[in-house]
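Residue numbers start from 1 in every chain, and the chains themselves are labelled A, B, ... in the order their sequence lines are given, proteins ahead of strands.
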Amino acid sequence: MCLESNLEAHAVGGVLLGRRGKANVPKDSIGAYAVQCGKCYKWRLIPSKEEYETIRETFIEDPWVCEKRLYTSCDDLADIEYNTSNLWVFDKPNIPKAPPGTQRMLIMRKDLSKMDTHYIMPNGKKLRSTVEVEKFLAAHPEYKESLPLSRFCFTVPKISEDMVPKNLEKRASSLRRKKRKADVEEDN
DNA sequence: GCCACCGGTGGC
DNA sequence: GCCACCGGTGGC
């Protein structure tokens, strides 16, 4: 189950800093993970996706605060400022952690219009929706216990609007317009 | 033939 | 209006 977040006060974020990762390791579009302290509202970087997903999983009932991190307090400077030098996307809180053996991938569209969620299953299969997960589990009953349907959530993060470069937005939409126009002309 | 990628839409 | 979902396809 995915719940609505309160983005203003207390947020779970992913920061897009470009793609990284070793060869052969599946990587998504998120370059850095950050959470906002529930007390001082400063942003703290979370070193791994795994740790980030753990925090995100129980974010509502167990909000993250600076003291949770060793040697960190609200008096310390923020790790990262929410600003326009990075593209930020904001996760919904309480998304189940990707079940063991799977990876939850978030892929940004080239035009920054939206993200797509998919899961990489233990056998390498990529799944794009809960319906596809259902079908997968029906075909592979051996996974039914370790990978219950309820642990999959395809909710996408919200893209921070003010940070999408305006010219890029325009370019993308004008390309779309151009294509539509060409299609219409083709039909005539 | 596959698959990453994108566009479109039904249901809310 | 949003978003979860899926069909189509271009490039390989």
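- In this entry the distance linking CD1 of A:I159 with C1' of C:dC2 reads 13 Å, nearest Å.
- Legend: residues meeting side-chain contact (heavy atoms from CB on, under 4.5 Å) with A:E53, ordered by chain and number and at least two apart, are A:K49, A:R56, A:K97, A:A98, A:R104.
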Indicate for each nucleotide in nucleotides 5-12 of chain C, in 5' to 3' sequence, whether protein heavy atoms under 4.0 Å reach the base (B), only the sugar-phosphate (S), or nothing (-). BBB-----
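- Here A:K126 reaches the OP1 or OP2 of B:dA4: one of its side-chain N or O atoms lies under 4.0 Å away.
- Within the structure, the salt bridge (charged side-chain N to carboxylate O under 4.0 Å, His left out) test picks out the following pairs touching residues 137-152 of chain A (sequence neighbours left out): A:E57-A:R151.
- Taking each heavy atom of A:L137 and A:L149 in turn, the nearest pair found is CD1-N, 4.0 Å.
- Atom pair A:I107:CD1 and C:dA4:P shows a separation of 16 Å (rounding to whole Å applied).
- Minimum heavy-atom separation, A:W88 to A:A34: CZ3-CB, 4.2 Å.
- In this structure, A:I120 and A:M105 have side chains that are in contact, with non-hydrogen atoms separated by less than 4.5 Å.
- For A:T117, no side-chain nitrogen or oxygen approaches OP1 or OP2 of C:dA4 to under 4.0 Å.
- In this entry the distance linking CE of A:M115 with C1' of C:dA4 reads 15 Å, nearest Å.
- Classification of the A:Y119-A:F152 ring pair by plane angle, with boundaries at 30° and 60°, yields perpendicular.
- If you measure from atom OH of A:Y119 to atom C1' of C:dA4, you get 13 Å, rounded to the nearest angstrom.
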